[in-house]
Amino acid sequence: MLTRSVFQDFQRLACNILDVVVIREEVIQLVVVSMLAGGHLLLRDLPGVGKTLLAKSMASSIDGTFKRIQCTPDLLPTDITGSSIFRQGEGRFEFVPGPIFANIVLADEVNRASPRTQSALLEAMAEGQVTVDGRSYRLPVPFWVVATQNEVDGYGTFPLPQAQQDRFMMALSIGYPSTKEQITILELGEGDDPTVAPVLSAEHIEEAQAEVRHIEVARPIKEYIANILVATRQSPHVSLGASPRAGVQLQRAAQALAALRGCSFVLPTDIQHLTTHVLAHRIVPSASSGLGADMVIKEILRDVPVPA
């Protein structure tokens, strides 16, 4: 049963972010859903729209640790995970943690890192741990990766492989602000850099994530998710369909969205609202289809029967 605090506290979290980050309420809701569901987030967007500020504000709001990794072609895996150094005076090796050891990690322009370095994120994102010199180290809890991918200036970038993209629960775009929002940004820029006071704790996030897993997902809703996944694999417009992991992540995201609505069960509308954000970056449209991933998902949602 959903407690009142999960609904109220995460509404407060969203409002706290919107005080300093000028983005659409729908986007911040999806960002909060990603965190509450325990899924990592990929922001595909233009430079300068507030991606870094958004991640830092989320970390400050939960009183958690924040680290930023600027991805470049010469970045090494150990620059992310950390490495062991030899303490000559003590005659022993000591592990020095890298920036991956934080509650919220921003991997900025992740597609500029080499495939070898990109792969260093895989174990951390999937298992909540890193392995260095044969020894595994647990990462802080909660652990949330926000990666950004620059949609312009593709020179010197390495496309994210599907295995990497499949680790992200959602892919979102913030987009350019409206005229009114741009004016608000200019007004905020007149003073000192905005500060964000914590409204929740990292321990509270961990407890809420566990509680959200108990949001009811009825059998017809599970069948609806399964039918959508099968449709992506059978569609003539798709050369690579959504993985089973995608279905698990869609269900968890829907549970989190239901919690933000103050509801203790998932509705078909929750699935419909999230499907494009959860699945579009995981499928590969066929070259002959002439359709983008978003359009393919919309067609699938139109054709798959909705449970009554």
Side-chain angles (χ1 to χ4, degrees), residues 23-35 37 39-47 49-51 54 109-111 145-154 157 159-178 181 221 224-257 260 266-307:
I23 57 176
R24 302 191 311 274
E25 288 189 24
E26 178 189 3
V27 173
I28 194 63
Q29 182 190 59
L30 292 169
V31 171
V32 173
V33 163
S34 174
M35 170 180 278
H40 306 295
L41 180 64
L42 177 62
L43 293 176
R44 291 169 161 172
D45 223 315
L46 303 165
V49 294
K51 301 183 292 293
L54 173 60
E109 295 189 290
V110 66
N111 54 325
V145 172
V146 180
T148 69
Q149 184 173 335
N150 198 337
E151 292 294 280
V152 296
D153 189 18
T157 61
L160 290 181
Q162 287 301 124
Q164 176 87 357
Q165 294 193 54
D166 199 44
R167 303 290 178 176
F168 292 99
M169 173 173 280
M170 283 194 279
L172 302 177
S173 174
I174 295 175
Y176 279 135
S178 65
E181 291 169 338
I221 300 296
Y224 186 41
I225 295 173
N227 290 335
I228 291 172
L229 296 178
V230 171
T232 68
R233 301 163 192 163
Q234 297 178 347
S235 171
H237 302 301
V238 178
S239 60
L240 179 65
S243 67
R245 181 191 289 119
V248 174
Q249 301 251 298
L250 179 56
Q251 177 174 276
R252 289 179 179 174
Q255 289 174 301
L257 182 58
L260 289 184
V266 173
L267 295 174
T269 51
D270 296 324
I271 304 299
Q272 294 165 351
H273 184 69
L274 293 167
T275 298
T276 300
H277 305 297
V278 176
L279 298 188
H281 65 290
R282 302 172 188 268
I283 68 171
V284 178
S286 59
S288 60
S289 71
L291 298 176
D294 288 5
M295 288 301 301
V296 171
I297 296 297
K298 287 180 181 178
E299 285 198 0
I300 289 173
L301 287 175
R302 183 191 61 200
D303 296 339
V304 174
V306 180

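Nothing fancy with the numbering, it's 1 onward along the sequence.
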Side-chain touch [X]/[Y], heavy atoms, less than 4.5 angstrom:
| X | Y | answer |
| --- | --- | --- |
| His40 | Val146 | no |
| Leu279 | Leu229 | yes |
| Leu291 | Pro285 | no |
| Thr148 | Asp45 | no |
| Leu42 | Leu172 | no |
| Glu181 | Ile23 | no |
| Ile283 | Leu240 | no |
| His281 | Arg44 | yes |

Nearest 0.5 Å, what's the [atom1]-[atom2] distance between [X] and [Y]?
| X | Y | atom1 | atom2 | result |
| --- | --- | --- | --- | --- |
| Gln272 | Tyr224 | CD | OH | 4.0 Å |
| Leu301 | Ile271 | CG | CD1 | 10.0 Å |
| Asp294 | His277 | CG | NE2 | 8.5 Å |
| Gln255 | Leu250 | CD | CG | 10.5 Å |
| Arg302 | Glu299 | CZ | CD | 5.0 Å |
| Asn227 | Asp303 | CG | CG | 12.0 Å |

Minimum heavy-atom separation for [X] and [Y], please, with both atom names.
| X | Y | value |
| --- | --- | --- |
| Ala231 | Ile300 | CB-CG2, 3.6 Å |
| Val278 | Ala246 | CG1-O, 4.0 Å |
| Ser286 | Pro236 | OG-O, 3.3 Å |

Looking just at side-chain N and O atoms, do Ser243 and Asp166 make a donor-acceptor pair shorter than 3.5 Å?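 Indeed, the side chains of Ser243 and Asp166 share at least one donor-acceptor pair under 3.5 Å.
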
Quiz: residues 24-35 side-chain donor-acceptor pairs under 3.5 angstrom, not counting sequence neighbours:
from, atom 1, to, atom 2, distance (Å)
Arg24, NH1, Ile174, O, 3.0
Ser34, OG, Gly39, O, 2.6
Ser34, OG, Trp144, NE1, 3.2

Got a donor-acceptor contact below 3.5 angstrom from the Arg233 side chain to the Ala242 backbone?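 Between the backbone of Ala242 and the side chain of Arg233 there is a qualifying donor-acceptor contact (under 3.5 Å).
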
Check whether any side-chain N or O of Gln162 sits under 3.5 Å from a backbone N or O of Arg282 as a donor-acceptor pair, and report yes or no. yes

Before giving the answer on side-chain contact (heavy atoms from CB on, under 4.5 Å), spell out for Gln149 and Phe168 the whole-Å C-alpha distance, their side-chain angles and the decisive distance to 0.1 Å. CA-CA 12 Å; Gln149 184 173 335; Phe168 292 99; over 6 Å; no

Test of understanding: with ring pair (Phe, Tyr, Trp, His ring centres under 6.0 Å), list the residues that count as partners of His237, not counting sequence neighbours.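 Ring pair (Phe, Tyr, Trp, His ring centres under 6.0 Å) check on His237 returns nothing, list empty.
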
Report the C-alpha separation of Val296 and Val238 in whole Å, then their side-chain angles, then the decisive distance to 0.1 Å, and conclude whether the side-chain contact (heavy atoms from CB on, under 4.5 Å) test is met. CA-CA 8 Å; Val296 171; Val238 178; 3.4 Å; yes

Please report the C-alpha distance between Met169 and Leu41 in whole Å, then the side-chain angles of each, then the deciding distance to 0.1 Å, and finally whether the side-chain contact (heavy atoms from CB on, under 4.5 Å) criterion is met. CA-CA 6 Å; Met169 173 173 280; Leu41 180 64; over 6 Å; no

Set out, in order, the CA-CA distance, both residues' side-chain angles and the distance that settles side-chain contact (heavy atoms from CB on, under 4.5 Å) for Leu43 and Val49, then state yes or no. CA-CA 11 Å; Leu43 293 176; Val49 294; over 6 Å; no

Which residue is it: Leu260, Thr275, Leu257, Ile221? I am looking for the one with a side-chain contact (heavy atoms from CB on, under 4.5 Å) to Asp270. Leu257

